Amino acid sequence: GIQQNKDNPTKGWDNLKFIADAMMLRKYETEYLTEMKGIGDGVNNSGVKLFNRKIDLLDIVTVNSAIDIDYSKDAMGVTPNQLSGQSFLKSEDELNIPNRLHKCSSFLANNSSTTDGRIVFGQIFMWGGYTGPHWNVICDVVPTEGNRLVYQTFPGGIHSGSDFYMNASGIMIGETTVGQTPFNIDGSPQSNRIRKAAQYANSIDDVVEILTTDNNGMYTNDWLIGDTKTDEIAVLLLGTKKHKLWRSGNNEFYGDTKDFYWCNNNNKDPEVRKEYITNQNNAPYDLIFAPWNRDVAFNDFYKEHKGKIDAIAGVNLWASSPINRPHACDGKVTTSDMAENLVFLAHYGKVTLREMFVGENNRIPDLPGAIPRLTLGYSVISPI
């Protein structure tokens with residue numbers, strides 16, 4: 001609400017609720033609406049109030065839809081209409097990505113890249129300094145149906161949003177954002193689909209099927225997927241109508257990084273990149289993947305550590321630049337052995353131990369309720 005309207009947060013929040021009501025509410029499955037209603041009831045039973053009133057279902061739906069809503073703004077610019085093609089995107093715009101759009105660094109390694117041939121998985125969450133500290137909840141869900149799942153989230157989150165998941169079937173899931181593709185108003189929210197995937201998937205194929213079914217296109221991501229039962233790893237680049245799957249079982253990798261995937265917001269598939277074009281027959285746009293400095297750094301890490309990648313190597317990688325950007329919020333690392341017991345290493349705050357303070361370099365804007373982001377070191381998260 002404050003970010004929408006700092007002078008009248010109540011009005012800002014009501015505007016977000018209206019958008020969630022119009023675009024998202026009726027796209028959630030009954031199971032997750034019921035869960036969100038339960039969260040709201042629990043808050044009300046505790047006596048906590050929002051803007052001097054009780055929480056309602058739509059408040060919780062709005063919190064869980066906030067990322068979809070946020071990315072819908074970018075999606076509108078590449079969603080065709082009847083006059084699409086009258087103006088063109090600039091091919092160089094993609095290279096002028098503001099710092100805030102660099103969100104998350106992640107990697108998956110297995111087989112010849114790791115010390116034991118099993119999976120090593122890591123992710124850094126990057127977000128704005130004002131709201132980033134609120135992703136400080138580890139949720140352990142034991143549902144009536146599907147798999148037990150553990151994920152990093154924010155208060156009231158039925159999904160992660162960061163994104164970092166593991167389930168009792170040995171599936172691990174992470175993501176990094178890429179350029180936003182068009183909005184499909186008939187699809188279901190990504191928060192509905194990724195929560196369903198984390199809960200019900202027992203294989204890489206299950207994750208892919210759930211995420212690509214009824215896809216609204218919001219929060220376009222590289223989804224990193226690992227399966228401890230087979231120690232196979234994969235990356236699903238999910239656009240709106242297009243997607244691309246790389247999987248180690250088929251020996252599909254970018255370039256020469258065998259048994260190693262990295263993701264850092266840079267779309268690597270030309271077919272998904274075409275969705276950025278409002279008029280695919282005429283608008284000029286550079287469809288060629290060009291490496292960023294983080295791409296180069298990940299490649300250097302692979303060349304130096306191939307065959308020696310373990311959890312500690314992942315921890316050290318996260319503390320390095322440019323992998324760890326100024327607005328990084330945390331770091332997580334797990335392995336197949338750990339994930340089989342839903343265990344992972346988690347660092348709250350910048351893993352470089354660099355504290356962030358309100359008003360410093362505009363990383364945490366001096367808005368109402370702004371708090372410092374302090375580094376608390378690595379902890380072993382072990383719900384079992």
Side-chain angles (χ1 to χ4, degrees), residues 1 4 10 12-51 53-72 75 131 134-135 137-169 171 173 175 183-202 206-207 209-219 221 223 238 240:
Q4 291 291 311
T10 302
W13 184 247
D14 287 344
N15 182 54
L16 283 175
K17 287 182 67 176
F18 169 76
I19 296 172
D21 193 355
M23 294 171 51
M24 303 292 169
L25 173 64
R26 293 155 190 85
K27 303 296 185 180
Y28 282 96
E29 296 180 31
T30 302
E31 176 178 0
Y32 301 124
L33 280 180
T34 303
E35 183 172 324
M36 286 188 274
K37 184 179 186 305
I39 292 171
D41 290 346
V43 172
N44 289 330
N45 290 338
S46 72
V48 173
K49 293 186 180 297
L50 174 66
F51 302 123
R53 62 168 175 81
K54 287 187 175 182
I55 297 284
D56 59 35
L57 170 63
L58 191 54
D59 287 312
I60 306 301
V61 171
T62 304
V63 167
N64 281 281
S65 303
I67 294 176
D68 281 65
I69 293 171
D70 185 34
Y71 279 89
S72 69
T131 52
H134 298 293
W135 267 267
V137 176
I138 304 299
C139 198
D140 177 19
V141 179
V142 184
T144 303
E145 298 181 1
N147 298 299
R148 182 179 186 174
L149 64 152
V150 174
Y151 58 97
Q152 175 193 8
T153 188
F154 48 87
I158 66 161
H159 70 117
S160 172
S162 350
D163 282 87
F164 187 83
Y165 300 87
M166 291 186 291
N167 74 24
S169 183
I171 300 298
I173 305 173
E175 57 81 9
F183 178 45
N184 171 23
I185 195 170
D186 296 320
S188 69
Q190 65 83 27
S191 46
N192 183 91
R193 287 176 288 110
I194 187 54
R195 166 56 192 272
K196 185 176 181 180
Q199 180 176 342
Y200 287 98
N202 296 304
D206 288 346
V207 176
E209 180 179 1
I210 294 170
L211 286 179
T212 55
T213 300
D214 297 325
N215 172 24
N216 72 347
M218 291 301 91
Y219 205 26
N221 287 321
W223 291 100
L238 180 59
T240 303

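Values below: all heavy atoms of this structure, side chains included; hydrogens, waters and symmetry mates excluded. Computed from a prediction, not measured in an experiment: that's the story for all the values here.
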TODO: List for me each residue that meets salt bridge (charged side-chain N to carboxylate O under 4.0 Å, His left out) alongside D41, sequence neighbours excluded, and say none if there are none.
DONE: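 Partners of D41 by the salt bridge (charged side-chain N to carboxylate O under 4.0 Å, His left out) criterion, ordered by chain and then number, come out as K37.
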Task: Residue pair D163 / W223, side-chain donor-acceptor N/O under 3.5 Å - done: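 W223 and D163 do not have a side-chain donor-acceptor pair below 3.5 Å.
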TODO: Taking atom types as modelled, find out whether Y32 and S191 have a side-chain donor-acceptor pair closer than 3.5 angstrom.
DONE: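 Distance-only check fails for Y32 and S191.
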Flag yes if more than 12 heavy atoms outside [X] fall under 6.0 Å of its [atom1] atom; otherwise flag no.
X    : atom1 : value
K27  : NZ    : yes
F18  : CZ    : no
I185 : CD1   : no

Open item on the list: Taking K17's backbone N and O only, do any of them form a donor-acceptor pair with D21's side chain (distance below 3.5 Å, no angle check)?
Closed with: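 No.
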Task: Side-chain (D68) to main-chain (Q190) donor-acceptor, under 3.5 angstrom - done: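 Confirmed, D68 side chain pairs with Q190 backbone.
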TODO: Please state whether the rings of Y71 and Y219 are parallel, tilted or perpendicular, taking 30° and 60° as the class boundaries.
DONE: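 Ring orientation, 0 to 90° scale: tilted.
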Compare all side-chain heavy atoms of [X] with those of [Y] and state whether any distance is below 4.5 angstrom.
X    : Y    : result
N192 : N64  : no
V141 : R195 : yes
E35  : I60  : no
I138 : Q152 : yes
I194 : L211 : yes
T10  : W13  : no

TODO: Could you go through the side chain to side chain contact (heavy atoms under 4.5 Å, CB included) check for T153 and I158 one step at a time?
DONE: CA-CA 8 Å; T153 188; I158 66 161; over 6 Å; no
Task: Ionic contact status for R53 with D59, cut-off 4.0 Å - done: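 Between R53 and D59 there is a salt bridge, with a charged N closer than 4.0 Å to a carboxylate O.
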Open item on the list: Exactly one of F164, Y165, F154 should register a ring-ring contact (aromatic ring centres under 6.0 Å, His included) with H159. Which one does?
Closed with: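 That would be F154.
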TODO: Using the test side chain to side chain contact (heavy atoms under 4.5 Å, CB included), find all partners of N44 that sit at least two apart in sequence or belong to another chain.
DONE: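 If we apply the side chain to side chain contact (heavy atoms under 4.5 Å, CB included) test to N44, skipping adjacent residues, the hits are K54, I55.
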Task: Minimum heavy-atom distance between M218 and R193, given as atom pair plus value - done: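 Minimum heavy-atom contact is O-NH2, 4.5 Å.
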